[in-house]
Amino acid sequence: MSAEIRKKRLTAPDIRARKGATPVVAVTAYNAVMARLVDPYVEIILVGDSLAMVEHGMESTLGVSLELMIAHGRAVMAGAPAALVVVDLPFGSYEAGPAEAFRTAARVMAETGCGAVKLEGGAHMAETIAFLAERGVPVMAHVGLTPQAMNALGGFRTQGHDEEGRAAILADARSVSDAGAFAVVLEGIVEPLAVEITAAIAAPTIGIGAAAACDGQILVLEDMLGLTERPPRFVKRYAELGAAVEKAVGDYAEEVRSRAFPGPEHVYKPRG
Ligand SMILES: Nc1nc(=O)c2c([nH]1)NC[C@@H]1CN(c3ccc(C(=O)N[C@@H](CCC(=O)O)C(=O)O)cc3)CN21
Ligand SMILES: CC(C)C(=O)C(=O)O
Ligand SMILES: [Mg+2]
């Protein structure tokens, strides 16, 4: 529960140095209000492209624009003074090659002030990750269940159920770590594989529903707060804010209709 007071903002190298040490705490946030609330308690705030689904009601993460990611990234930077803020590069903004990825990432960093970007993909993204890392862009990688590839994967399906799949994900994790990713998100993979990858690669692993043995954990904030309607099965709900919002707005509506609100203390009185 303790809120550590940090004077200087955390950086990607600070996170890289946490391999095998105290677990890294990461959470998503999409706006300044939530960023301010979570900032004292976490090391990484991810402005995830999951905001397409959680914040904008889209069916997948594929429809989010670079402009929208930048707008949310600026809001989170404004609210969070201490955590490392990482912004997801959206689908279609980086996959064509290292040069496109660099132009996109540089724009995100320049226009938001964030300290790193995240992109999805394994071995096929290694060249891009190295290109960015060598040019001053810290990259968080993301392997396993990569939501931007849902149309190729057949939906949000957990990965690594057969030996071939497990070997491919291990190879992906090795590739992105060797390419210079400062951390690697492991999403939607079976626990023994997450344990094996964590032991095998130099970069800290950040699990989402993967394994307690990972070097850190991440969850979508609205899922853990009980604000999303159908969160993934691996989520632990640490609060029921959805129910709290319904109660508060229901009470407000009732008091407005009965004229119990506003009371004398909630209106302006003439001074004279
Ligand atoms: N609210 C929210 N939370 C997330 O963690 C999240 C998003 N949205 N959107 C982008 C991706 C998609 N994610 C998801 C979404 C659904 C499942 C899911 O339903 N998984 C099934 C298992 C399916 C299978 O094994 O084939 C489950 O029952 O948990 C998993 C990850 C994680 N990310
Ligand atoms: C769930 C995390 C890892 C993510 O990529 C997102 O929120 O978009
Ligand atoms: Mg994402």
Side-chain angles (χ1 to χ4, degrees), residues 10-20 23-24 26 28 43-50 61 69 84-98 100-102 104-106 108-109 114-150 152-153 159-160 165-189 193-211 213-219:
L10 285 168
T11 65
D14 295 328
I15 302 302
R16 175 65 189 77
R18 293 282 288 273
K19 180 73 187 180
V24 175
T28 65
E43 284 89 46
I44 295 176
I45 300 178
L46 174 69
V47 184
D49 59 351
S50 55
T61 60
M69 292 305 299
L84 171 63
V85 174
V86 181
V87 177
D88 259 352
L89 299 186
F91 179 66
S93 74
Y94 64 94
E95 300 90 327
E100 178 186 61
F102 180 77
T104 300
V108 167
M109 293 181 80
C114 73
V117 300
K118 181 163 76 60
L119 54 80
E120 296 183 10
H124 67 287
M125 278 297 150
E127 188 190 345
T128 291
I129 292 168
F131 191 90
L132 267 57
E134 286 159 2
R135 287 162 179 75
V137 178
V139 179
M140 178 181 259
H142 180 162
V143 304
L145 193 176
T146 47
Q148 292 176 7
M150 65 175 291
L153 298 173
Q159 306 292 308
R166 280 192 289 277
I169 296 166
L170 175 59
D172 281 340
R174 278 194 210 282
S175 297
V176 296
S177 176
D178 292 348
F182 75 89
V184 181
V185 169
L186 304 181
E187 174 168 1
I189 65 171
L193 179 58
V195 173
E196 186 183 359
I197 291 171
T198 300
I201 71 172
T205 59
I206 311 293
I208 170 160
C214 289
D215 298 299
Q217 303 293 328
I218 186 162
L219 282 177

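Since the structure is predicted, the reported quantities are computational estimates derived from the model, not experimental observations. Computed from heavy atoms alone, side chains included, the values below leave out hydrogens, waters and symmetry copies.
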Exercise. Taking the side chain as every heavy atom from C-beta outward, state whether Val47 and Asp88 have any atom pair closer than 4.5 Å.
Key: no
Quiz item: Are any of the side-chain heavy atoms of Leu186 and Ile208 separated by less than 4.5 Å?
Solution: no
Quiz item: Under a 4.5 Å cut-off applied to non-hydrogen side-chain atoms, are Pro13 and Ile15 in contact?
Solution: no
Self-check item: Shortest non-hydrogen contact from Ala202 toward Ser177
Solution: N-OG, 3.3 Å
Quiz item: Are any of the side-chain heavy atoms of Gln217 and Pro23 separated by less than 4.5 Å?
Solution: no
Exercise. State whether the side chain of Glu187 and the backbone N or O of Val185 hold a donor-acceptor pair below 3.5 Å, judged by distance alone.
Key: no
Practice problem: Report yes or no: does Thr104 contribute a side-chain atom to a donor-acceptor pair with the main-chain N or O of Glu100 at less than 3.5 Å? | Solution: yes
Quiz prompt | Pairwise distance CD1(Ile201) to CG(Asp172) - rounded to 0.5 angstrom | solution = 11.0 Å
Quiz item: How about Val86 and Cys114: do any of their side-chain heavy atoms sit closer than 4.5 Å?
Solution: no
Quiz item: Given Ile189 and Ile197, is the side chain to side chain contact (heavy atoms under 4.5 Å, CB included) satisfied, shown in steps?
Solution: CA-CA 11 Å; Ile189 65 171; Ile197 291 171; 4.0 Å; yes
Quiz prompt | Test item: His124 side-chain N/O and Glu127 main-chain N/O as donor-acceptor pair under 3.5 Å | solution = no
Quiz item: Is a side-chain N or O of Ser93 found less than 3.5 angstrom from the main chain of Pro90, in a donor-acceptor match?
Solution: yes
Quiz item: Is a side-chain N or O of Asp215 found less than 3.5 angstrom from the main chain of Thr205, in a donor-acceptor match?
Solution: yes
Exercise. Any chance you could measure Leu132, atom CG, to Met109, atom CE, to the nearest 0.5 Å?
Key: 9.0 Å
Quiz prompt | Inter-residue atom distance Thr28.OG1 - Ile44.CD1, 0.5 Å rounding | solution = 12.5 Å
Quiz prompt | Identified side-chain contact (heavy atoms from CB on, under 4.5 Å) counterpart of Val87 within the set Met69, Met140, Lys118 | solution = Met69
Quiz item: Is any NZ, NE, NH1 or NH2 atom of the basic residue among Arg166 and Glu196 found under 4.0 Å from an Asp or Glu carboxylate oxygen of the other?
Solution: no
Practice problem: Specify the closest pair of heavy atoms between Ala179 and Ala126, including all atoms of both residues, with the distance to one decimal. | Solution: CB-O, 3.3 Å
Quiz item: Do Ile206 and Val184 pass the side chain to side chain contact (heavy atoms under 4.5 Å, CB included) test, and can you show the C-alpha distance, the side-chain angles, and the key distance before you say yes or no?
Solution: CA-CA 6 Å; Ile206 311 293; Val184 181; over 6 Å; no
Quiz item: Is it true that a side-chain atom of Thr146 and a backbone atom of Glu120 form a donor plus acceptor pair closer than 3.5 Å?
Solution: no
Quiz item: Given Ile129 and Leu119, is the side chain to side chain contact (heavy atoms under 4.5 Å, CB included) satisfied, shown in steps?
Solution: CA-CA 9 Å; Ile129 292 168; Leu119 54 80; 4.0 Å; yes
Quiz item: Please walk me through it: do Phe91 and Asp49 pass side chain to side chain contact (heavy atoms under 4.5 Å, CB included)?
Solution: CA-CA 9 Å; Phe91 179 66; Asp49 59 351; 5.8 Å; no
Practice problem: Return the minimal non-hydrogen interatomic distance between Gly121 and Val143, and the atom names on each side. | Solution: O-CG1, 3.8 Å
Quiz prompt | Main-chain N/O of Ala183 paired to Lys19 side chain as donor or acceptor, under 3.5 Å | solution = no
Self-check item: Contact check, side chains of Pro98 and Arg135, non-hydrogen atoms, under 4.5 Å
Solution: no
Quiz item: Does Leu84 reach the side chain of Glu43, with side-chain heavy atoms less than 4.5 Å apart?
Solution: no
Quiz item: Are side-chain N/O atoms of Thr11 and Asp14 paired as donor and acceptor at under 3.5 Å?
Solution: yes
Practice problem: Search all heavy atoms of Leu170 against all heavy atoms of Ala200 and return the closest pair with its distance. | Solution: CD1-CB, 4.1 Å
Quiz item: Do you know the tightest heavy-atom contact between Ala210 and Ala194?
Solution: CB-CB, 3.9 Å
Quiz item: How far apart are the closest heavy atoms of Phe182 and Ala116, and which atoms are they?
Solution: CE2-CB, 3.5 Å
